[in-house]
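To start, the structure under review is shown below, and the notes come after it.
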Amino acid sequence: MSHDLSNGAKATGLGLRNMQNYMLTEKRKVMIIDDDADICDIMHDVLHYEGFEVKCLLGPDRLFEEIAAFKPQVIILDYILKGITGGEVCSELKKRRSTSVLPIILMSAYPRVSKSTVDCCFETFIAKPFDLEEFVSAVRHLAIGH
């Protein structure tokens, strides 16, 4: 991969580091599922500023249709949602063939949630309130691998 990337960087006149940043920021999509509109707005703005294309859902309604249409590389999922937990949504995402490989960041204001949701197989847990740099770093790390 790095060999092809290096050749692409030379062909476009970009350095390897700039080419990696270009590829990451221009093509990576993140879907946020959080029923707190203010938190969604903050995460959206931060990730958009970092070059990600972002879609916010204020709940899991029509989740699979939205995923099929948007095609995110990373999903950020709040644990406390109206009528359902993020753990349940995470489990359902991991059960379906079409979404089983999507990396999921589970977020909660209750840090002990990360220990009680091991069944849903999320990739990363972030406690709220969160550090913006750590948040972006976690999203970027998962987006690179997908």
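Because the structure is predicted, anything quoted here is derived from the model rather than measured. Count residues from 1 along the sequence.
Pairs engaging residues 98-111 under the salt bridge (charged side-chain N to carboxylate O under 4.0 Å, His left out) rule: none recorded [sequence neighbours left out]. Annotation: salt bridge (charged side-chain N to carboxylate O under 4.0 Å, His left out) contacts involving residues 31-43, sequence neighbours excluded, comprise Asp34-Lys128. The list of salt bridge (charged side-chain N to carboxylate O under 4.0 Å, His left out) pairs with a residue in residues 82-92, not counting sequence neighbours, reads Glu92-Arg96.
In terms of the side-chain contact (heavy atoms from CB on, under 4.5 Å) criterion, Asp45 has no residue partners (sequence neighbours excluded). The salt bridge (charged side-chain N to carboxylate O under 4.0 Å, His left out) search around Glu66 returns Lys55, not counting sequence neighbours. Residues satisfying the salt bridge (charged side-chain N to carboxylate O under 4.0 Å, His left out) test with Lys71, not counting sequence neighbours, are none.
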CA sep, side-chain torsions, deciding dist, call: Ile76, Met107, side-chain contact (heavy atoms from CB on, under 4.5 Å): CA-CA 7 Å; Ile76 300 168; Met107 299 185 83; 3.4 Å; yes
Steps toward side-chain contact (heavy atoms from CB on, under 4.5 Å) verdict (Leu63, Leu93): CA-CA 9 Å; Leu63 177 61; Leu93 287 166; 4.0 Å; yes
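Under the 3.5 Å distance criterion, the side-chain polar atoms of Lys94 are matched with a main-chain donor or acceptor of Leu102. Without hydrogens or angle criteria, Glu123 side chain to Ile105 main chain gives no donor-acceptor distance under 3.5 Å. Remark: the backbone N or O of Gly87 is paired with a side-chain donor or acceptor of Ser91 at under 3.5 angstrom.
If you take CG on Leu57 and CG on Asp78, they are separated by 12.5 Å, rounding to the nearest 0.5 Å. Distance check: Ile67 CD1 to Ile75 CD1 gives 3.5 Å after rounding to the nearest 0.5 Å.
Heavy-atom contacts from other residues, nucleotides or ligands closer than 6.0 Å to CD of Glu65 number more than 12. Within 6.0 Å of the CZ atom in Phe64, the count of heavy atoms belonging to other residues, nucleotides or ligands exceeds 12.
Aromatic ring pairs are classed by plane angle as parallel below 30°, tilted from 30° to 60° and perpendicular above 60°; the pair His44 and His48 is parallel.
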